[in-house]
Amino acid sequence: MQYQYYSTEDFLADESFQAFVLGHDPAAGEHWQQWLAQHPPQEAAAREAMAVLELLRTARRPGAPAALRQHETQKLRRSLLPTARPAAAPHLRSSRRAWRWVGALAVVVALGLVGLRWWGRLAPAPTYARYAALPGEQRQVQLPDGSQVVLNSGSALTLAATWPAGQAREVWLRGSAYFDVRHLAPAEVKAVPQAPDSVKFTVHAGPLDVAVLGTQFTVLSRGSRTEVVLSTGQVELSRPQSTAARLLLKPGELAEYDAATPAAPLRKRPVAARLYSAWVSGQLEFTDLPVADLVVMLQDAYGLTITVDDPQLLRQKLTGALPTHDLDGLLAAFGKILDVPVRRQGSHVWLK
Amino acid sequence: MTDEHSAQLWDAFRRGDAEALATLFDANYDALYSYGRKLTSDEELVKDCIQNLFQQLWRRRASIGAAPVVKTYLFKALRRHLGDETKRWSRHRHLLPAYSDSFEVTYSHEEFLISQQADAEQQHRLLAALNQLSKRQREALYLRFFDGFPYERIAEVMSLNTQSVRNLIFRALQVLRQVMLASLALLCLLGA
């Protein structure tokens, strides 16, 4: 350390010395107290620097009024995606209402008992919750275990209304969704195939079962095809109705299943996973991405056949963003970036 | 809120946890609002920019990377948003010069509690000296002493290199040193 050559200026500019004087860092404080005691020749210079920094010790940032902070936080909460929650918990708030409900409940119970005697069996309570995103809208769903699901337009998710602890977590998906599953297994349990059912989370997507521990992944289904793209962690794919081998996916891999060719084994290939979850944010951002990769992704994600006349075009690299919510808007923007006319007929797109 | 806790919330928000983002907003609002108000006197603009910044983070969460230090990221982003807004405004009105160093950073009496070390006269001189510093010096000084940012993070926020930040703060502290020496000399004079 060359502190013994320090002048007042050097002490002033020293971050650790500043932290000591301002009391920001107790460790720095101890170090400097000791150092000063051991180096009396530097004391005068250090004292002078301390006096200057003392002037700033009382610096207080003006701050925001607490009411403003709370108001603004609420405003932000309202602006974030409307979050749907399963109606599992009772919603009785005021006691007067509660008593009215108790009365109503008593009547129901009495009638129920009469009915029970009469019919000899109890009618089953509704045990499933179902969430659907209308065409053209997305919906965010929070599951009872804290996992998050973003349902894409026209998709639906079904699950048990209550999830007792220690029981396998299961949901049934029709359509496409992005899953962010909470990890419940102890840290040492990492491999899905070896994990007990109690910590697994399974998405039943048609004939395909997608089992995970805690990961982020996207399930895309379109016509007869179902694709699973993994962002983080690990997923295990299986088809309970068939003897086909299970398949493990690593982050950045896409697995594809086509109900039109049920005998074919599950296949996987590496992809840019980020591109497949871009619809969640409504914006697909890319940096130095070859046009060829973007074309493959658009074909996969939107079920398109894209014909590109100029092979030179495919080698170009693009940086930018495309809107993902509406296909025609996306294609128009894509054409504009490439500076080529775009024509679409059904699911066939020409770039030339 | 510790850096680790912020980083956890940041990751949770990127995975789609809206409440985590709201928590980060609440925890950082005071610091961001104060910093914003240091850069511009337009309170509505500061409030709008902070809202827009967080709403944009939420919309882009799927493509946002891990933030090495959340607070630094937020400060830098707010600075950029405010700069863009100010620039847009001035272009619109053909009044103000295009943004380069147009942030106004001024200090007021409320920001310093009267301490035993500094009497009212010295406070006055101190403020006068602070407000005569260059805008960049004032901003760097603010980040260092009002928010406790290390040089490296100040450099990140202000898009400068660490050496420049060190120089800015050092020169600012030298000015303060002159103020202090002057008042010491005055004291000696009066005492004599």
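Fair warning: this is a prediction, and the values are worked out from it, not measured in the lab. Order of the sequence lines fixes the chain letters, A, B, ..., with proteins taken first and strands second; residue numbering starts at 1 for each chain.
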Peer 1: Is the shortest heavy-atom distance from the side chain of Arg144(B) to the side chain of Glu15(A) under 4.5 Å?
Peer 2: yes
Peer 1: Can you pull out the residues in residues 160-173 of chain B with any heavy atom less than 4.5 Å from chain A?
Peer 2: Arg166(B), Ile169(B), Phe170(B), Leu173(B)
Peer 1: I need the Ser231(A) OG to Arg15(B) CZ distance, nearest 0.5 Å.
Peer 2: 12.0 Å
Peer 1: Within the 4.5 Å heavy-atom criterion, are Leu68(A) and Tyr29(B) side-chain neighbours or not?
Peer 2: yes
Peer 1: Looking at Gln51(B) and Glu72(A), would you say the former's side chain and the latter's main chain have a donor-acceptor pair under 3.5 Å?
Peer 2: yes
Peer 1: So which atom in Ser34(B) and which in Gly63(A) form the shortest heavy-atom distance, rounded to 0.1 Å?
Peer 2: OG-N, 2.8 Å
Peer 1: Tell me, yes or no, whether the heavy-atom count around Glu152(B) atom CD, taken from other residues, nucleotides or ligands under 6.0 Å, exceeds 12.
Peer 2: no
Peer 1: Would you mind checking which part of Gln74(A) comes under 4.5 Å of any heavy atom in chain B, side chain (CB onward), backbone (N, CA, C, O), both or neither?
Peer 2: neither
Peer 1: Is the side chain of Gln18(A) donor-acceptor paired with the backbone N or O of Phe145(B) at a distance under 3.5 Å, no angle test?
Peer 2: no
Peer 1: Are there over 12 heavy-atom neighbours, none belonging to Glu43(B), within less than 6.0 Å of that residue's CD?
Peer 2: yes
Peer 1: To the nearest 0.5 Å, what is the distance between CZ (Phe25(B)) and NZ (Lys75(A))?
Peer 2: 8.5 Å
Peer 1: Among Val52(A), Leu12(A), Leu76(A), which has the most heavy-atom pairs under 4.5 Å with chain B?
Peer 2: Leu76(A)
Peer 1: Any chance you could measure Asp14(A), atom CG, to Tyr151(B), atom OH, to the nearest 0.5 Å?
Peer 2: 7.5 Å
Peer 1: Looking only at heavy atoms, which two atoms of Asp17(B) and Gln148(A) are closest? And how far apart?
Peer 2: CA-NE2, 4.4 Å
Peer 1: I need the minimum non-hydrogen distance between Gln55(B) and Ser79(A), along with the two atoms involved.
Peer 2: NE2-OG, 3.2 Å
Peer 1: For the pair Asp30(B) (side chain) and Ala64(A) (backbone), establish whether a donor and an acceptor sit closer than 3.5 Å, ignoring hydrogens and angles.
Peer 2: yes
Peer 1: For Thr8(A), is it the side chain, the backbone, both or neither that has a heavy atom under 4.5 Å from a heavy atom of chain B?
Peer 2: side chain
